[in-house]
**Q** 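Dumping the structure here so I can ask a few things about it.
Just so we're clear, the structure is a prediction, and the values are computed from it rather than from any experiment. Chain identifiers are assigned alphabetically (A, B, ...) following the order of the sequence lines, protein sequences preceding nucleic acid strands; residue numbering begins at 1 within each chain.
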2 protein chains.
Amino acid sequence: MTAEAAFIDSLRAFATDPAARGLIDDAAVLDVGGETLVLTHDMIVEGVHFLPGDPPADVAWKLVAVNLSDLAAKGARPLGVLLGFTLGDEGWDRTFAEGLGAALTAFGLPLLGGDTVSAPARMLGLTAIGRATGPVPSRAGARPGDLLWVSGTIGDAGAGLKALRGEIARSDALVERYRNPRPRLEAGERLAPRVSAMMDVSDGLLIDAARMAAASACGIEIALDAVPLSDAYLAACGEARLEAAVAGDDYELLFAAGPDTAPALLALAEEIGLPFSRIGRCAAGAGLTLSEAGVPVPLPPRLGFEHGGGTNG
Amino acid sequence: MTAEAAFIDSLRAFATDPAARGLIDDAAVLDVGGETLVLTHDMIVEGVHFLPGDPPADVAWKLVAVNLSDLAAKGARPLGVLLGFTLGDEGWDRTFAEGLGAALTAFGLPLLGGDTVSAPARMLGLTAIGRATGPVPSRAGARPGDLLWVSGTIGDAGAGLKALRGEIARSDALVERYRNPRPRLEAGERLAPRVSAMMDVSDGLLIDAARMAAASACGIEIALDAVPLSDAYLAACGEARLEAAVAGDDYELLFAAGPDTAPALLALAEEIGLPFSRIGRCAAGAGLTLSEAGVPVPLPPRLGFEHGGGTNG
């Protein structure tokens with residue numbers, strides 16, 4: 001057990017309220033006055049979740065986007081955010097504030113409050129509050145026989161980070177996916193009533209799928225050749241599907257749904273202009289298994305990132 | 001303008017939703033489905049808000065208490081919390097988790113979710129969600145003619161910190177007030193319908209009173225000789241009322257109310273067993289003025305702490 005898993009395990013004893021969803025979901029789900037509130041808190045740390053040289057406005061965008069991605073995965077529409085901010089360099093802070101304003105404006109969201117502190121390191125937290133008007137899918141609802149789907153394309157953000165590090169040729173499209181992820185809010189809201197389980201892909205497709213399998217107490221089989229890659233990714237990295245599947249920072253939606261819903265899901269994807277790809281299925285048993293062209297493939301030693309997983313996504 | 005004030009000022013442009021209360025209040029107030037939710041997010045940083053040698057369980061208590069104190073000041077009853085945690089030393093983290101559990105159990109509160117991250121410094125954030133069933137007093141409602149009150153005693157926590165630093169003789173009662181502040185939840189809930197303005201005293205009585213005066217666009221006069229001191233404080237520090245009034249970390253309630261409510265307030269104090277002291281009044285004009293035995297006293301150069309003020313208390 002990692003230190004993080006041990007810590008979260010020790011918290012679970014007093015997270016027994018149903019709203020906490022056993023600390024295995026992307027967000028908390030709280031019923032208040034007949035309304036369903038969805039709450040998430042994610043932090044990003046300089047040198048861990050973003051690079052010291054990243055433009056502050058992009059850091060602000062990412063902070064908002066990673067939190068809204070958790071709300072998207074629960075089918076919730078965001079209502080507002082609270083900011084936790086470490087004061088540092090005045091110029092950096094000012095540009096961050098402008099970027100935060102631009103991100104909140106883009107999503108039509110108010111800043112509701114928060115806290116600013118002096119600190120020896122740059123670390124930013126955001127609490128996002130959303131409202132769901134229908135069922136709130138958990139990670140734990142996948143059933144044997146369900147198909148497994150993912151939205152958009154996988155691996156772009158990871159390739160963007162590689163490009164920024166000079167490990168592959170620069171690609172603006174990939175860097176944009178790393179720095180300005182787009183939470184799939186509309187897709188999440190529309191998918192929520194149709195899926196049996198849903199979560200966002202933040203730490204890597206494989207590790208997040210393994211988490212869904214564990215939470216749902218079923219097995220998940222992923223066909224690597226079905227993992228959707230963008231043209232920009234293919235141009236930069238070729239058909240490196242395994243690398244894409246462990247890269248992280250995708251902020252796409254991973255969801256399981258009964259096979260009879262497939263036509264409705266494909267029609268929805270068409271309607272909102274975001275592809276949904278069928279990448280595998282849920283089966284009796286436990287854990288994650290991989291195949292390529294129908295042939296079993298061993299799991300790689302690393303399925304994604306552990307450090308940023310969080311108690312709630 | 002301090003760097004913090006400038007940063008918060010730059011955030012204000014996109015905190016125009018009424019729920020944000022212009023980022024001058026202790027918490028955000030959000031109407032959801034006919035219910036009134038109160039939301040606050042406060043962070044504490046090692047070396048800034050707590051000492052590296054402080055017992056982890058006390059740090060956990062303080063993290064919970066400072067956030068619940070903001071809810072108390074808005075008359076809200078807490079529903080649950082989200083934790084932002086930086087993983088570090090496993091032993092420290094385990095003891096912290098136990099202490100967090102004890103604090104949440106003491107307040108009958110569930111942990112709803114949060115995030116754990118790797119980080120180069122220890123910094124903890126908590127989002128507390130509460131519900132108000134009546135009016136939610138702001139900092140901005142004080143009116144000329146109102147009396148100014150404070151709950152409990154002032155200066156104990158600051159003296160406890162001095163005792164821990166060896167600057168004064170050790171006093172368990174004072175150290176307890178520094179390490180284990182008691183948010184005034186019952187008092188806040190009972191006071192909320194009766195006051196014109198309320199906030200908690202976190203950064204120092206004088207600086208917080210000056211903030212109430214500024215938010216309310218009135219003057220506030222404080223009679224230093226009326227500032228309530230505990231027996232433990234008097235024994236350790238004597239009648240050092242000005243030091244008490246700028247010490248911070250009190251987590252008492254500061255409130256303004258019309259003079260005709262005084263009998264009801266005193267009866268309430270009696271009923272809940274927490275003294276309320278009348279320490280001054282609100283007047284036409286602006287800013288904070290001090291007196292002692294009826295004679296004007298100049299303001300000290302420092303009214304309290306700036307660093308932890310936060311965008312929302």
**Q** Measuring from Leu39(A):CG to Leu82(B):CG, what's the distance to the nearest 0.5 Å?
**A**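 With rounding to 0.5 Å, CG (Leu39(A)) is 5.5 Å from CG (Leu82(B)).
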**Q** Return the CG to CG distance between Asp115(A) and Asp42(B), rounded to the nearest 0.5 Å.
**A**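 Answer rounded to 0.5 Å: 4.5 Å.
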**Q** Is Ala119(B) in contact with chain A via its backbone, its side chain, both, or neither, using a 4.5 Å heavy-atom distance?
**A**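 Contact with chain A: backbone and side chain both.
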**Q** When only pairs under 4.5 Å are counted, which of Ala3(A), Pro18(A), Ala97(A) shares the most heavy-atom pairs with chain B?
**A**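 Ranked by heavy-atom pairs under 4.5 Å with chain B, first place is Ala97(A).
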**Q** Identify which of Glu46(B), Glu98(B), Met123(B) forms the greatest number of heavy-atom pairs closer than 4.5 Å to chain A.
**A**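 Answer, by heavy-atom pair count under 4.5 Å with chain A: Met123(B).
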**Q** Between Leu79(A), Thr105(A), Thr127(A), which has the largest tally of heavy atom pairs under 4.5 Å with chain B?
**A**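 Option with the top pair count is Thr127(A).
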**Q** Select, from Leu109(A), Asp17(A), Thr16(A), the one with the greatest count of heavy-atom pairs under 4.5 Å involving chain B.
**A**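 Between Leu109(A), Asp17(A), Thr16(A), the count favours Asp17(A).
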**Q** Could you tell me how the ring of Phe85(A) sits relative to the ring of Phe7(B): parallel (under 30°), tilted (30 to 60°) or perpendicular (over 60°)?
**A**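 Parallel.
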**Q** Which bit of Ile44(A) comes within less than 4.5 Å of chain B, counting heavy atoms only: side chain, backbone, both or neither?
**A**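 No part of Ile44(A) comes within 4.5 Å of chain B.
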**Q** Look at Ala19(A), Pro120(A), Gly33(A), Gly80(A) and state which one has the largest set of heavy-atom pairs under 4.5 Å with chain B.
**A**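 Of the options given, most contacts go to Gly33(A).
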**Q** What part of Arg131(A) gets closer than 4.5 Å to chain B, counting heavy atoms only: side chain, backbone, both or neither?
**A**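 Contact with chain B involves the side chain of Arg131(A) alone.
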**Q** Mind checking the CD-CG spacing from Glu4(A) to Leu87(B)? Nearest 0.5 Å is all I need.
**A**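 Between atom CD of Glu4(A) and atom CG of Leu87(B) there are 5.5 Å.
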**Q** Check whether Phe96(A) gets within reach of chain B through its side chain, its backbone, both or neither, counting any heavy atom under 4.5 Å.
**A**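 Only the side chain of Phe96(A) comes within 4.5 Å of chain B.
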**Q** side-chain hydrogen bond (donor to acceptor under 3.5 Å, both in side chains): which pairs involve residues 72-95 of chain B, sequence neighbours left out?
**A**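 Output for this query lists Asp25(B)-Lys74(B), Asp26(B)-Lys74(B), Arg77(B)-Glu189(B).
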**Q** In Å, rounded to the nearest 0.5 Å, how long is the span from OG of Ser118(B) to CE of Met43(A)?
**A**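 If we round to the nearest 0.5 Å, Ser118(B):OG and Met43(A):CE are 9.5 Å apart.
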**Q** As an exercise, state the distance from OG1 of Thr116(A) to CG of Leu11(B), rounded to the nearest 0.5 Å.
**A**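 CG of Leu11(B) is found 8.5 Å from OG1 of Thr116(A).
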**Q** Among Ala121(A), Gly101(A), Ser10(A), who wins on heavy-atom pairs under 4.5 Å with chain B?
**A**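 Most heavy-atom pairs under 4.5 Å with chain B: Gly101(A).
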**Q** Heavy-atom cut-off 4.5 Å, strictly under: side chain, backbone, both or neither for Ala13(A) against chain B?
**A**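 Neither part; nothing is under 4.5 Å.
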**Q** Check whether any side-chain heavy atom of Val48(B) lies under 4.5 Å from a side-chain heavy atom of Val117(A), and answer yes or no.
**A**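 No, every pair of side-chain atoms sits at 4.5 Å or beyond.
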**Q** In terms of heavy-atom proximity below 4.5 Å to chain A, should Leu100(B) be classed as side chain, backbone, both, or neither?
**A**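 Leu100(B) touches chain A through backbone and side-chain heavy atoms alike.
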**Q** Within this structure, what is the CG-CG distance for the pair Leu112(A) and Leu23(B), rounded to the nearest 0.5 Å?
**A**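 Here the rounded value is 9.0 Å.
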